[in-house]
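Numbers here simply count residues along the sequence, with the first being 1. Nothing here was measured: the structure is a model prediction, and the numbers come from that model. We count ligands from 1, going down the list as the structure has it; atoms in each ligand are counted the same way.
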Amino acid sequence: MAERELRIAEERAGELRREIDRHNYNYHVLDSPEISDAEFDALMSELIKLEEEYPVLKSGDSPTMRIGGEPLAAFSILEHKRPMLGLDNAFNEDELTAFTSRVGRLSGLEEIEYLCELKIDGLAVSLQYEKGLFARGATRGDGTRGEDITANLRTIRQLPLRLPEPLTLEVRGEAYFTRSDFEKLNRERSSGELPLFANPRNAAAGSLRQLDPRLAAERPLRLFIYGSGENSLKIETQGQLLQRLKDLQLPVNPYHALCGSGEEVTAYCRRWDEERRSLDYDIDGVVVKVNDIELQERLGATARSPRWAIAFKYPPEEKMTKVLDILVNVGRTGAITPVAVLDPVTISGSTVQRASLHNEDMLREKGVMIGDTVLIRKAGEIIPEVVKVIREKRDGNEKEFRMPKRCPSCGSKTVRLSGEAALRCINPTCPAQLVERIVHFASRRAMDIEGLGPAVAELLYEHDMVRDVGDLYYLQKEELARLPRMAEKSAANLVQAIEKSKENPLNRLLHGLGIRFVGERAAALLANSFSSLEKLASASMEELTAVDEIGPRIAEAVILFFKNEQTGIVLEKLKNAGLNFQALKTSEKGGGDRLSGKAFVFSGGLETYTRDEAAALVRAQGGRVSSAVSGKTDYLVAGSDPGSKLQKARDLGVEILDEAAFKQLLDR
Ligand code: IVH
């Protein structure tokens with residue numbers, strides 16, 4: 001009997017794994033899901049339950065194994081079967097031509113085909129499959145030996161744990177972060193007052209080298225495979241190799257091109273210098289490879305790099321400017337961050353006036369002084385970063401900056417807690433922190449209280465009108481109108497905006513409360529999983545970590561927050577004021593996932609948004625964005641010059657939105 005039960009369970013587990021793998025592939029690689037997230041989650045929970053009930057069914061290639069295992073003390077070392085070489089660089093078109101000419105000379109051939117690929121700006125990884133199963137993976141390391149990051153790689157949804165054929169082979173590729181995921185992660189970290197990543201590449205590096213795979217699982221790492229190591233594939237060209245990898249359901253970047261001459265190679269590089277801006281991930285150049293593998297082998301390699309390939313590098317946009325001053329900012333958890341005030345410069349189309357110096361260590365490492373000339377880069381084209389000081393430009397008038405011994409706001413001693421890079425003010429009644437907490441609470445992505453920015457928050461604090469966010473709900477119009485610089489009309493508007501915020505969904509309130517590590521996304525996950533604030537407040541470690549994507553670190557912070565006496569007082573004020581503490585029932589959910597499961601394709605230019613912005617708005621509401629129209633597309637958003645996608649959408653009967661209709665859908 002028991003045996004029969006086990007056999008049935010085993011069969012079902014196999015079925016579920018195949019189904020889940022297929023949906024994973026459809027979603028994460030093909031960008032074309034067939035089922036809703038909820039349906040997917042149901043399959044996953046069924047499998048988890050089965051494996052818990054019948055532990056003998058657990059296996060290394062099960063999708064449940066992606067979730068993340070036990071933390072490691074250190075990574076072990078893996079030897080690469082074939083060295084992972086680097087690439088020589090070409091920094092301009094002359095150097096590129098020199099490369100193609102050299103290949104021509106060495107091979108003695110007149111016509112040579114090149115396969116051009118995007119050079120993804122991430123981290124090189126090697127994946128080993130044994131009889132079709134993902135066995136282990138490593139970083140590049142020194143090229144001969146890398147670190148064993150198998151557990152973290154398993155968490156990447158685009159990485160097949162099982163290939164469709166039982167092959168033993170090594171494949172190589174690049175792990176990376178998309179720009180939108182990077183921005184989201186930093187937004188999340190900034191609301192949890194965690195140090196920010198400077199760019200998507202650093203975010204990917206930090207995630208891959210995370211010793212706790214459960215933390216790695218919280219990070220949306222992605223992967224492109226571009227080559228193979230040891231293998232028995234009978235392949236003649238790089239183009240065929242990419243096709244074969246794709247057929248093996250490995251994620252291959254689609255934008256490669258076969259070029260018949262050096263001129264075509266140059267044209268490809270020029271084209272992508274422009275078009276790279278429309279991608280959601282960073283590329284730092286193009287990799288040009290001799291297409292014919294026999295010829296590759298004939299050309300061979302030096303100790304460092306192959307002679308048959310070169311990296312054509314795009315220069316990052318960098319500008320020089322002066323550091324006018326260095327200020328410190330006190331965040332809402334007391335973290336004190338140095339900020340460079342810059343002589344304004346324009347980089348990649350926007351004006352940069354400030355650059356975060358992150359923390360004391362970073363400041364010291366870069367050696368920035370007031371009055372220095374520095375090189376500024378928009379890292380990942382988003383956050384301005386001080387690349388380095390141009391020391392030759394110093395004239396002796398530069399002033400050293402020291403982090404303050406006392407909090408610039410309340411004057412209490414600053415401390416550096418062990419294990420932290422940030423200097424902190426640990427006075428819980430520090431005015432700067434209180435004001436920052438109110439500003440955060442009222443911010444657009446939290447309680448969205450219009451008219452309550454830093455200046456007003458400070459004003460309210462100075463006049464003893466608020467000491468915590470609970471006090472906001474007891475402000476009187478008349479009282480506010482008596483404040484300097486506050487007209488009667490603005491006082492009335494503010495009271496009204498505060499009143500309106502009482503109705504906000506629980507996720508916004510949770511985000512606004514500023515629980516450590518709980519940013520927008522974690523707040524939404526928690527609000528979705530607990531029916532009310534009270535339920536969340538009394539949740540145990542187990543209940544909290546049972547929520548998908550909520551790890552022990554967040555769970556602990558939530559518990560600590562609700563244990564705090566001060567929290568109790570604030571929540572009481574909020575409750576008495578009539579704020580919404582209830583989570584919405586699934587049927588009435590709006591906001592965070594209104595577009596859940598809806599697939600969008602954009603075509604043509606939009607007036608009010610860039611492509612990335614429009615895509616981010618869709619994703620923010622739970623929708624998905626694909627590049628191609630298919631039967632699974634829900635909406636085609638057609639801008640100016642929509643091109644062939646519009647016809648395809650018409651043919652398939654996909655709903656077509658113009659920009660106005662798209663905006664309406666977003667704001668509904
Ligand atoms: S081929 C022997 N192709 O660029 C050839 N590399 O120094 C090995 N990279 O970190 C590299 N995109 O991981 C190749 N399409 C691509 C690539 C690529 C990014 C990275 C690679 C390594 C660096 C090369």
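Arg179 and Asp282 are joined by a salt bridge, as a carboxylate oxygen and a charged side-chain nitrogen come within less than 4.0 angstrom of each other.
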For ligand 1, output the ligand-protein N/O contacts shorter than 3.5 angstrom; if there are none, return none.
from, atom 1, to, atom 2, distance (Å)
ligand 1, 3 (N), Lys289, NZ, 3.0
ligand 1, 4 (O), Lys119, NZ, 3.2
ligand 1, 7 (O), Leu87, N, 3.1
ligand 1, 12 (N), Ile120, N, 3.1
ligand 1, 13 (O), Glu174, OE1, 2.2
ligand 1, 13 (O), Tyr226, OH, 2.7
ligand 1, 15 (N), Glu117, OE1, 2.8
ligand 1, 15 (N), Leu118, O, 3.2

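Here salt bridge (Lys or Arg N to Asp or Glu O under 4.0 Å) pairs that include residues 77-87, with residues two or more places apart or in two chains, are Glu79-Arg145.
Of the N and O atoms on the side chains of Gln296 and Asp292, not one donor lies less than 3.5 Å from an acceptor on the other residue.
For Phe602, the ring pair (Phe, Tyr, Trp, His ring centres under 6.0 Å) partners at least two apart in sequence or on another chain are Phe662. Tyr129 meets the ring pair (Phe, Tyr, Trp, His ring centres under 6.0 Å) test with Phe134; sequence neighbours excluded.
Geometric assessment of Arg624 against the ring of Tyr27 yields a positive cation-pi assignment under the 6.0 Å and 45° thresholds.
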